[in-house]
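What follows is a short report on a single structure.
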Amino acid sequence: MTSSSEFAKVYDPAQVEAPLYAHWRDQGYFQPADGDAPHFTVVLPPPNVTGRLHMGHALTATIEDTLVRWHRMRGHRALWLPGTDHAGIATQVMVERQLAKEGKTRQGVGREAFLDKVWEWKEEHGGIIDEQHERLGASLDWSRYRFTMDEVSSRAVREAFVRLHEQGLIYRDYRLINWDHGSQTALSDLEVEHTETDGKLWHIAYPVADSETGERLTVATTRPETMLGDTAVAVHPDDERYQHLIGEHIELPLTGRKIPIIADDILVKMGFGTGAVKVTPAHDPNDFATGKRHDLELIQVIGFDNEFIEPAPAKYVGLTVQAARKAVLADLEAAGLLVETKDHKLSIGRSQRSGVIVEPLPSTQWFVKVGPLAEKALAAVEQGDTVIYPQHRTADYYRWMENIRDWCISRQLWWGHRIPAWHCESCGAITVAREDPSACSECGGADIHQDEDVLDTWFSSGLWPLTTLGWPAEDNELPRFYSTSLMETGWDILFFWVARMMMFGLHFTGEVPFKTIFLHSMVLGEDKRKMSKTKGNVVDPVSLIDTYGTDALRFYLCTMAGQDAGIVFSKARVEGYRNFCNKLWNAARFASMKLDGLELERWRAEILDDPATGLERLSTADRWILGRALALAEDFAQKLGDWRLDLAAHAAYQFVWHELCDWYLELSKRRLSADADPAERHATQGTLATVFDLVLRVLHPMIPFITETIWQRLPRPAGSGDSLMLAAWPCAPEAGAGEGDARTLAGPVAQVGALLADARVVEAGHDIERLIAVVTNHRMLKAESKVSPAQPVDVVVRTDDAAVAASLARVAESAQFVGRMKSLTILGADDQLPKACSVAVVGGVEIGLPLEGLVDLDEERKRLGKEVAKKEKALGGLEKKLGNEKFVAKAPPEVVAKERERLVALKDSLAKQRALLERISQ
RNA sequence: GGGCGCGUAACUCAGUGGUAGAGUGCCACCUUCACACGGUGGAAGUCACAGGUUCAAGUCCUGUCGCGCCCA
């Protein structure tokens, strides 16, 4: 690709992202490699074709893309499969709304024409979310794009339906279903949202028929209007109050009907209310079950339009449920039968789509018998074939699978997979077939018509891991990519797709659809509440990308990926990661300005291929940063492997900002200047380039755009390839790649174990640590003494330890440079710091600022006094701890030893500070 | 009602029994030749509360309170 070596002063994501993404995509980089390397396959949970990207999608895509890119760089056959879901109700409603604007209805235009409209709409307005995934940098293999209504999916749906029907796992039945009168369709249990609402509990007196004493039986209900459909009253068989009434009848008010009083120990709880319960089998799931047990009549008084119908008494027919309730209550009141009204909390089920209250109504529908499917899905997780993270979510999965009810899959919609069943007008038989039949399979009659209903969208999305790989075609890709590696999604929809994909995947292939299920938390608004349009707390990821860049958003989401509670969105943090990107950019800008003349291959040959003498050519800082960069690569991989994207991101952030930028770049400036010794300059140039190469590879999976852009502009080893996307990850060793000191990496530095263990690298680490302590403390002293940072001062350090002195000597020049000191003098055991001196003590080193005439001795005494008091307090605590016999006896020896070391160091430091305090007090 | 998770600096979050951390914000200072989307230094904590286990608890156990999500 064309790359400019020009670095703007500020990183501008908008300039690089779109062209870079197009380049990756057009080069075919998103397609899996050939060969027999292990595969890493992920199916993107299919978003609605009508959908817009929200923070949950962005989180899923970021986590998945990070892991997919990581595996791709590790040489695995990485495949990430995109696509969308036809979203039955949502899409149909959207097109119906459009028609309504033209004054039309779907019934008016007819089924065929309506479906044409929907397809038209889908072509025009669908798939926006795909473009939004592109903006996120998602390395999805678009060449394998799938839509749940396309040919492959349709064939799969038909195959699955027919097979399940043949196996007796799909059946048709007349029973209570959740009816959404807004969308005029049945719903599955999961499409009903329950909300707690303030309601009433009404007590109604039902006169006992033919009672000589005028006895009345009081029932309590939250839905008085349904009494018009009552076909029994139930009491508990053990309830002594009502023994004499069992088998008698009730004169059902307002209807003129007589209904039996029955005994039922499942429906009735003796302690609740009056102990007598009205039974309305047509309008309540529990009552429906009771009706089955007692062979009760089913009287449906509420119709599919939310209005009362016959055989309800004529005066109520045509009333809405709400109006009927008012009328019934008024009539009962007038009849003196309404005995009590109480406040009562109840849970109301609303349609997830249309928002109307869902009415349980009796209807003939198609169902999946999920028991046998759930059993296998349960066992797969129990056996560990599929592992769920975080682990505690496994219990939710079990509980749900164990209590699952049969799944109503027919929908009275037009947009969806039409049920492959044909009804015979002659004999009434139903023919279920893979290919459209022309005659009834029973009687051979030609007068057949296809079932009007379509399947629940989830029926097709449940087949997603199969259809995305081409199932059920003969030449499908299941052998190469199934079971997939990972399903990543929010824990709130574990049951929607994850559970269904598990059931179908196992049933049709015998293998789990995914090895790992990784569930992330919900992204909440800045007000800590679930994002919703009505609350107005929705954050749009695309506008965040516009403002801060894709990488900033991705990095933020990575740092949140480990959250177990809700993720409370924080714009400030996204901004912080935007700043991080800019920091990285500017560090690279600096490097690009300093790397002229670098011959990287020569450097690699001299330094890396011959570490024995090569390391000698590097500065202390070079050796240190090289070791740190390699340690980061290993640490990062380890954390990704543990699903801790947050910790990995944090480690990389700390390295880039607080080691690479804060210290290494500063330390290297002198050796990188044009007038530096050419050999030294070259050694440091090579280190700088190599460290950048390493850190860019490490960060690429999380922040792909900026890392690729920089990588293209900085020198890199020959044979690294054309794109960072496909460059080798400096990976933790695979099996056989060596252990300990012998372990090697595939990235720019091969002998990682040996390098990290090299005594010279270890020593460099200690030296730089010491340098940082000296420089930091001297800055602190200057600031405390109110000396201008611009004014260079003389610095004196003193130590009793010859080894420490030697270490200090190795870094003295560098310390002087980065600390902008006038001079740095190292004193030994026999020397003393000057008297008029501001002092800090750290790690056995006294750091002094002899500020003749500048230091205010009173201030310095105060400051030192405070320090001494602080340390005395710490010392007291430590002595007490070590004086505790139990601690010494029971704590692990290494802990005790560590505390003893601390005590010695603290005593030493305290003694020195006391002495200094005394000296300046003279 | 049941289940799960979370309460750590002003805010957003790490912290895997052994010296309480990061980023942002705040205060002071700095136009140091990569970066003010920057640099240097600093202040800031009853780790929700109450018990318990332990030599040692932010971390483990029990309870209480608060928040969130899922299921019914």
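Chain identifiers are assigned alphabetically (A, B, ...) following the order of the sequence lines, protein sequences preceding nucleic acid strands; residue numbering begins at 1 within each chain. Fair warning: this is a prediction, and the values are worked out from it, not measured in the lab.
- Between Arg223(A) and Glu359(A) there is a salt bridge, since at least one side-chain N of the basic residue sits less than 4.0 Å from a carboxylate O of the acidic one.
- With C69(B), G41(B), A34(B) as the choices, the nucleotide that has an atom nearest any side-chain atom of Cys661(A) turns out to be A34(B).
- Residue Asn582(A) places no side-chain N or O under 4.0 Å from the OP1 or OP2 atom of G38(B).
- Residue order along RNA chain B, read from the 5' end via each residue's closest nucleotide, puts Val568(A) first among Val568(A) and Phe580(A).
- Residue Lys528(A) has no polar side-chain atom (N or O) positioned under 4.0 Å from OP1 or OP2 of C11(B).
- In this structure, C35(B) forms no base pair with any nucleotide, since neither Watson-Crick nor G-U wobble geometry is met with both distances under 3.5 Å.
- When distances run from any side-chain atom of Met560(A) to the nucleotides G41(B), U12(B), U32(B), the shortest one goes to U12(B).
- No N or O donor and acceptor, one from the side chain of Lys9(A) and one from the base of C35(B), sit under 3.5 Å apart.
- Separating the CZ atom of Arg779(A) from the P atom of U40(B) is a distance of 6 Å, rounded to the nearest angstrom.
- Judged by atom type and distance alone, Arg578(A) reaches the base of C37(B) through a side-chain donor-acceptor pair under 3.5 Å.
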Chi angles and distances behind the side-chain contact (heavy atoms from CB on, under 4.5 Å) call for Gln654(A), Glu659(A): CA-CA 7 Å; Gln654(A) 288 298 316; Glu659(A) 295 189 273; 5.7 Å; no
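- Pair assignment for C26(B) gives G42(B), based on Watson-Crick or G-U wobble hydrogen-bonding distances that are each under 3.5 Å.
- With a 6.0 Å radius and a threshold of 12 heavy atoms from other residues, nucleotides or ligands, Glu885(A) has its CD atom at or below the threshold.
- Counting only N and O atoms by type, the side chains of Asp646(A) and Thr559(A) include no donor and acceptor under 3.5 Å apart.
- Checking Phe555(A), Tyr11(A), Trp657(A) one by one against Tyr577(A), the ring pair (Phe, Tyr, Trp, His ring centres under 6.0 Å) holds for a single residue, Phe555(A).
- In this structure, the side chains of Met502(A) and Leu378(A) stay at 4.5 Å or more apart for every pair of heavy atoms.
- Nucleotide C60(B) is matched to G52(B) when pairs are restricted to Watson-Crick or G-U wobble geometry with both distances under 3.5 angstrom.
- Searching all strands for a Watson-Crick or G-U wobble partner of C13(B) with both distances below 3.5 Å returns G21(B).
- Nearer the 5' end of RNA chain B, as judged by each residue's closest nucleotide, is the contact made by Phe569(A), out of Glu899(A) and Phe569(A).
- Taking atom CD1 of residue Ile404(A) and atom P of nucleotide C71(B), one finds them 13 Å apart after rounding to whole Å.
- Residue Arg902(A) places its side chain closer to U19(B) than to any other of C55(B), G15(B), U19(B).
- Considering only side-chain atoms of His658(A), the nucleotide from G18(B), C69(B), G23(B) that sits closest is G23(B).
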List every contact pair, protein side and nucleotides 5-8 of chain B side both N or O, where the distance is under 3.5 Å.
{"residue": "G5(B)", "atom": "O2'", "partner": "Asp564(A)", "partner atom": "O", "Å": "3.4"}

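- Listed candidates were C55(B), C69(B), G38(B). Nearest to the side chain of Met522(A) is C69(B).
- A straight line from OH of Tyr556(A) to P of U24(B) spans 15 Å, rounded to a whole angstrom.
- In this structure, G5(B) and C67(B) make a Watson-Crick or G-U wobble pair, each of the two defining distances being under 3.5 angstrom.
- A side chain to side chain donor-acceptor pair (under 3.5 Å) with Thr684(A) is found for exactly one of Lys594(A), Arg670(A), Lys669(A), Arg671(A), namely Arg671(A).
- Out of G68(B), C35(B), G18(B), the shortest distance to the side chain of Pro892(A) is found at G18(B).
- What separates CG of Asp12(A) from P of A34(B) is a distance of 22 Å, to the nearest Å.
- When distances are taken from the side chain of Leu647(A) to each of G68(B), A14(B), G18(B), the shortest belongs to A14(B).
- The side chain of Asp396(A) lies closest to C4(B), out of G38(B), G41(B), C4(B).
- Put simply, Trp657(A) has a side-chain N or O that comes within less than 4.0 Å of OP1 or OP2 on G39(B).
- Taking a 6.0 Å sphere around CD of Glu879(A), one finds it holds more than 12 heavy atoms contributed by other residues, nucleotides or ligands.
- Minimum atom distance to the side chain of Arg573(A) is reached by A22(B), of the listed A22(B), G68(B), G38(B).
- No side-chain donor-acceptor contact under 3.5 Å links Lys200(A) and Thr222(A).
- Each of G41(B), G39(B), U12(B) was ranked by its minimum atom distance to the side chain of Lys583(A); first place goes to G39(B).
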